[in-house]
Amino acid sequence: MKLQGKTAIITGGSRGIGYAITEAFIREGARVAVCGSRPASAEKAAEKLRAVYPAADILPLGVDVADSSSVSLMVDAVMKKWGRIDILVNNAGVTAAKPITEMSDADFTDMLNINLVGPFLCTREVARVMIAQKGGSIINTSSMVGTYGGRNQTAYSASKFGVNGLTKSCAKELGPFGIRVNAVAPGVVGTDMVAASVTDAMMAAMQAITPLGRMADPKELAGAYVYLASDDASFTTGMILPVDGGIVM
Ligand code: NAD
């Protein structure tokens with residue numbers, strides 16, 4: 001029970017990596033605000049979790065992380081229910097592959113708004129709470145593409161390089177308040193995102209350059225988040241932790 005008594009917000013918690021993180025946090029004793037882009041998807045995830053963990057304290061919330069008023073409402077709802085926020089996981093994200101020459105203004109800015117402005121807005125709101133509490137842990141979901149870049153991934157990789165910059169700068173700025181800020185950089189993970197965007201040929205090519213020779217199950221990511229959220233990582237901040245099967249692109 002590494003997160004006993006702690007309160008966590010997980011954006012993009014309704015499915016994929018975020019759902020696996022939410023489930024692991026519940027198993028470790030945390031109270032969780034499970035956030036999806038729509039109230040119905042968050043509620044559906046909460047129902048699924050309650051069926052397995054009937055004693056869990058779960059708050060399902062619909063939030064658009066790219067919208068500051070929606071983010072404020074999310075933080076208000078969590079503060080009203082539990083009165084504190086110990087852990088924020090900025091995990092919500094989208095991807096799309098397109099050559100830069102075919103990318104519209106909106107293709108680029110919409111992705112930046114969800115993947116980078118979203119974590120900024122959530123971090124800003126939650127940091128105000130954590131500063132008053134004198135502590136907390138913020139974990140961002142980056143990507144291997146935030147280290148290596150990727151062909152046809154201009155917007156996505158720019159957003160994840162930005163997430164790394166946000167992580168390292170916030171670690172410096174918020175450290176004096178007892179707030180740790182880290183990121184997890186997954187490789188290829190079997191989620192809806194990958195099913196929708198990675199072709200069989202791309203998958204074969206990625207597996208060929210992954211020492212472990214396969215993609216990850218979302219559950220294989222969750223332990224890294226538990227570690228960074230817990231007191232086991234009490235002296236770890238500003239780290240971008242790869243959980244990628246050893247891939248080198
Ligand atoms: P997914 O598509 O299964 O889940 C994405 C989640 O983000 C969903 O819960 C969705 O509701 C939420 N979301 C999307 N737009 C939102 C918005 N505007 N406001 C609030 N929530 C929104 O994807 P996933 O694979 O689980 O991805 C989770 C994170 O992991 C993303 O940040 C993604 O970039 C990152 N990632 C994924 C992989 C992978 O291989 N799957 C690899 C590296 C990084």
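Please read these numbers as outputs of a predicted model, since none were measured by experiment. All ligand and atom numbering here is 1-based and tracks the order in the structure.
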Candidates Pro60, Ser41, Cys35, Ser37 - the one meeting side-chain contact (heavy atoms from CB on, under 4.5 Å) with Ser14: Ser41
Under a strict 4.0 Å criterion on non-hydrogen atoms, which protein residues are in contact with ligand 1? Gly12, Ser14, Arg15, Gly16, Ile17, Ser37, Val63, Asp64, Val65, Asn91, Ala92, Gly93, Val94, Ile114, Thr141, Ser142, Ser143, Tyr156, Lys160, Pro186, Gly187, Val188, Val189, Thr191, Asp192, Met193, Val194
Could you tell me whether a side-chain N or O of Arg31 sits under 3.5 Å from a main-chain N or O of Ile58, the two making a donor and an acceptor? no
Whether Asp86 side chain and Thr7 backbone form a donor-acceptor pair below 3.5 Å: yes
Between the CE atom in Met203 and the OG1 atom in Thr210, the distance rounded to the nearest 0.5 Å is 9.5 Å
So, the side chain of Ser157 versus the backbone of Gly146: is there a donor-acceptor pair under 3.5 Å, distance only? no
Counting only heavy atoms not in Glu47, do more than 12 fall under 6.0 Å of its CD? yes
